[in-house]
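Chain identifiers are assigned alphabetically (A, B, ...) following the order of the sequence lines, protein sequences preceding nucleic acid strands; residue numbering begins at 1 within each chain. In what follows, every heavy atom counts, from backbone to side chain, and hydrogens, waters and symmetry copies are set aside. Everything numeric here is computed off the predicted structure, so don't read it as measured data.
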4 protein chains.
Amino acid sequence: MSASQKIKVAVLGASGYTGADLVRLAACHPQIEIVALAAKTHAGQAMAEVFPHLGLVGAPDLVDAGEVDWSACDAVVCGLPHRAAHEIIAGLPDRLKVIDMSADFRLRDPEVYATWYGEAHGAPYLLETAVYGLTEHYREAIRSARLVACPGCYPTAALLALLPLVKAGVIDASDIIIDAKSGVSGAGRALKQNVLFTEAGEGLSPYAVAAHRHAPEIEQELSKAAGKELVVNFTPHLVPMSRGELLTCYVRLANGASVGALREALAADYRDAAFVHLTPQGMVPATQHVRGSNYCLIGVFEDRVPGRAIVISTLDNLVKGSAGQALQNFNLMFDLPETTGLEQKPLFP
Amino acid sequence: MSASQKIKVAVLGASGYTGADLVRLAACHPQIEIVALAAKTHAGQAMAEVFPHLGLVGAPDLVDAGEVDWSACDAVVCGLPHRAAHEIIAGLPDRLKVIDMSADFRLRDPEVYATWYGEAHGAPYLLETAVYGLTEHYREAIRSARLVACPGCYPTAALLALLPLVKAGVIDASDIIIDAKSGVSGAGRALKQNVLFTEAGEGLSPYAVAAHRHAPEIEQELSKAAGKELVVNFTPHLVPMSRGELLTCYVRLANGASVGALREALAADYRDAAFVHLTPQGMVPATQHVRGSNYCLIGVFEDRVPGRAIVISTLDNLVKGSAGQALQNFNLMFDLPETTGLEQKPLFP
Amino acid sequence: MSASQKIKVAVLGASGYTGADLVRLAACHPQIEIVALAAKTHAGQAMAEVFPHLGLVGAPDLVDAGEVDWSACDAVVCGLPHRAAHEIIAGLPDRLKVIDMSADFRLRDPEVYATWYGEAHGAPYLLETAVYGLTEHYREAIRSARLVACPGCYPTAALLALLPLVKAGVIDASDIIIDAKSGVSGAGRALKQNVLFTEAGEGLSPYAVAAHRHAPEIEQELSKAAGKELVVNFTPHLVPMSRGELLTCYVRLANGASVGALREALAADYRDAAFVHLTPQGMVPATQHVRGSNYCLIGVFEDRVPGRAIVISTLDNLVKGSAGQALQNFNLMFDLPETTGLEQKPLFP
Amino acid sequence: MSASQKIKVAVLGASGYTGADLVRLAACHPQIEIVALAAKTHAGQAMAEVFPHLGLVGAPDLVDAGEVDWSACDAVVCGLPHRAAHEIIAGLPDRLKVIDMSADFRLRDPEVYATWYGEAHGAPYLLETAVYGLTEHYREAIRSARLVACPGCYPTAALLALLPLVKAGVIDASDIIIDAKSGVSGAGRALKQNVLFTEAGEGLSPYAVAAHRHAPEIEQELSKAAGKELVVNFTPHLVPMSRGELLTCYVRLANGASVGALREALAADYRDAAFVHLTPQGMVPATQHVRGSNYCLIGVFEDRVPGRAIVISTLDNLVKGSAGQALQNFNLMFDLPETTGLEQKPLFP
């Protein structure tokens, strides 16, 4: 395949961590040519100035999104903040396939969006066509989608672990507690005091207790699977590491179900999945096992409390939790093997 | 008070982190004179060789425990591993007051000890006189005790948060989930692969899932308070930081109780406590707030799930979770102000 | 001494790390009463909101510096940024003793200040009376000073190691290379991209290569000792740790001098020093040995290159490199024992 | 190319970090089939047990080196400790190409080896045919070699920066100071107290001052280039990060040479190099820019001290400093494009 046959991609929000990780992965994707990198405040700069680790990738200089020649693009991957994302996406030509890593098209209900994001959605009509990009669970819809809304990092880890259990009816969907731990890159590259090295280092801090925007997203999908409105506990914690996310989910077994039934439900759903894997019995997932890769590992453990189980899910928030899953969806949308460009193994130590 | 009037203390297990932190704190305690430091493998070495940060403390050289002249001591603080602890303590003269930081005298029931520690307790008769050293809850018994069994670091953080709630009957004691996060020093100074910098760094890993020895200790005390046998979920995680511990406890409100009632129960129990504090509403406890100090901070939050609450407890595992609490108990046993030598403020950043 | 007899201190720049560490240390200083905490952007807030780890110190709320009642103060410790510092200090009543932790009064020559700090000094007349607060080398002048300019953190570590060697003539003062490594707190609490956890974590980066403002300060003092103008190499590196600073100094032995002569020069100068110590032969200083304490450790090593030696110096940049040395100077200025309030031992691990 | 046409590789020492990183990289190398993984103490285990992050690579189980069927191999990559390496390599069939990542064949002179490694070399005859695997400087010899001795991580970073300068005669080869900083993985996976998270975290410590085994290796190559025996200062420091290495080299300009001449010498030598790059003027190399990749970045800076310059070199110690360079050499030895399997971009943050 010659360079001219490659799929031409513009990346919006290329000065953020998810945008940068998309560029990193795309550099090893044999069918992608990055034709434009856009970023508001860094327009005019070389990528090497903004992200020195990408200085040797051969990427184009950053421009303002308004300067991108959409006619030269086949697809757009958007790593913009919410609201900025839907404003730009609403104006893109219909022929462009769009993979959105922002929060703007994840929630189906504009009112829920307004409640959690503080203002009305500016392009509610697009919500109707957007497909929720949780690859392993919406594979067919993604193949034919024009606009894919990639899930948040936490919802990806939570839903990959819990959706098969709720669907199979092996846990009590009304009693789900999710204790989430994330590396600092989940907060993005914006300057905030709590993510300074001196503030986040050598310490662990819960945040957004009972108030995180990923909760309604998790609830939307679990409720759909359960066939009733659910509310889950979701409590995130900031961990002194750059990448990685691990969720410890405390669940109650449904009447009669065993921990083995949980393992079976997960194994069945991910039998052919390239990136989502149940860990062997007794092996505890850890973020170190997936860093830099597109894997999600899930472990199931019997609790000492009778009738309860612990389900642990881990992934790299910037890869399977963001840019990697975006690329996985891109592959489906362009009829490429799902794993193309995503075969890098985890980096450890 | 002249030097000769100081209380003479021997520290056993001085080559471990809890022993070293006891020495660090004791160096600023105006009534303590360290007269002996014992450690098996390091006998014969200067403290500066074993712990260079204590090179300027003026501590005696390490000796084998068998060489300590007990007649020159008033008290013994023991930081030995379990089993080693009770073997030595059983042979100490009765006149010595003993503050044990090991696990050997925490569990009241020798059978529970045998189950969790893998062999029969060697001095069960001592269990009868040992007082559980959770200072704020056993203050009077500690004052007159000869042998105090300081709680484990996790039980300290768990019980300080949960005992007042169970006692007050404001939570459902049969539905308690404790998601625990600890810095690496909790594993001690022994050489184990999982605590290498390269293994524990930049990553988060659950461990001892549904199998940690601190669970029965937590259950012993909560069961006593509840008046019935309880089993709790207790799931620890290893966090890439050296010190600090934070527990996120998920509880169900008892019939009719409000989140305010939880705050009131805690405020009432710790009204006069120097080291245990309820955080102001909305302020989330973090390990950074207590590092190096003897404080334990507790926060209470309403869950989005109706009828549930989140109780967060944090402390420095080597101070309030070990050597600090040991010194606090020492102060009580020797009729000194409880805060003597423990007034250092948290070190941040 | 009753509370009313305590020395009344105002801290300016209390929302920065050096200001906060001054408050932390002062809280354990028996003769200090903090009567005012000033900070521009945080005026009106409680200290607990700005620094939760100081929430239990009992400090006054933050105010604007303009609101401080100077008549109620005996001394001012200033942790403001440069320029802001001399503007405020110039307006303080003469009777107030001033300990300045900023860079504004360190350089004797206003032209050097203008060159390195980008604009003319606003109070050059004060430079004449300011005493350079390198305690161990200017002890007598500090005792009677009204205004003490505490050295920068790097100059403190560099000069404590090198001044005795230059004074004794045992090294070639014209061939000094200082490779400096610092924790991230040295950059302060201001929001800058390079000090985000995600940027500084898991990495090491040189910065301000051949362009750091602490170089002229080091040169000023070494030149004075050498009796001729010196230029030194000074190359700082940012290390993924919060506190601590270590300088590896590469020096050429003066004609005929041995490495032993270097050790002797240092031992002689610090024979009676409480906080500056030569390490025993073969023991390599590390930042872990001094964290949180006012110690500076210095080690001397023979190089494999004939005629050369390596001198290693380490301290905690926020303590001996800033707030601790400020308090040490405060003690001298108020005729208190030099070690008062500074006896905390290093925190490790 | 079918699987049967792949080059069959055995990895010795697969339970160490360099062995594991070789497996990680080889998993994405289109022409490599790993046919055997050997490791002494872990023989019989699955790779997933030893390195969970490689659980999905599909690697064979670990065996004892004695069990490897050499007739089924085309090449051996050896990640064993020194001494163990040459004992095994001496017994390998001649037809096998050997890429050795140990220290055993780096030093040309068996007496130097004996001095620094504590005992006589067991296979000095092999030293004569071994080629020093510093790819960019020995490319042609490596192509036709049977046994390649990959340089140590520090020598790789040092020599890539300094060899072109010494060869071009633009620096004074007799006055070279190398201040080296390394992440903890450089110490390997063996259990040692100083590399525990609690010991190495939040701190910086020099080690092996004037006594590191990589010094004679650096001197061997620089001396050869200079045409005279050189001794260099080489002082390593342990940095609290897992991967990455950065060397700050302090050099004196040769008579008449300018800093520009240094840049030119480096640019000339690496004009066509895929992995070694001079940074644009003013851009300071940092380990964050190369993590996980096979890049080495070199920056040159004018010192404030007249006649001196600072040369900074950085790489990932496990990749370009070990497994990556080994694979690069493998590619040359098997006539493959030098970059095959090494095109992964740096992982940041």
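Contact count versus chain C (heavy atoms, under 4.5 Å) is highest, among B:S242, B:P52, B:A27, for B:P52. Put simply, of B:H277, B:E343, B:R189, the one with the most heavy-atom pairs under 4.5 Å next to chain C is B:H277.
Interface residue B:F197: only side-chain heavy atoms are found under 4.5 Å from chain C. For a residue to count as touching a neighbouring chain, one of its non-hydrogen atoms must lie under 4.5 Å from one of that chain's; by this rule C:R24 touches chain B with backbone and side chain alike. Only the side chain of B:Y17 has a heavy atom closer than 4.5 Å to any heavy atom of chain C.
Distance check: C:L347 CG to B:L318 CG gives 8.5 Å after rounding to the nearest 0.5 Å. Expressed to the nearest 0.5 Å, how far NE2 of B:H53 lies from NZ of C:K345 amounts to 11.0 Å. Taking CD of C:Q288 as the start and CZ of B:F51 as the end, the distance is 13.0 Å to the nearest 0.5 Å. Put simply, NE2 on B:H289 and CG on C:L56 are 11.0 Å apart, with the number rounded to the nearest 0.5 Å. How far CG of B:L25 is from CD of C:Q344: 10.0 Å, rounded to the nearest 0.5 Å.
Crowding of B:Q193 atom CD: a count of heavy atoms from other residues, nucleotides or ligands under 6.0 Å exceeding 12.
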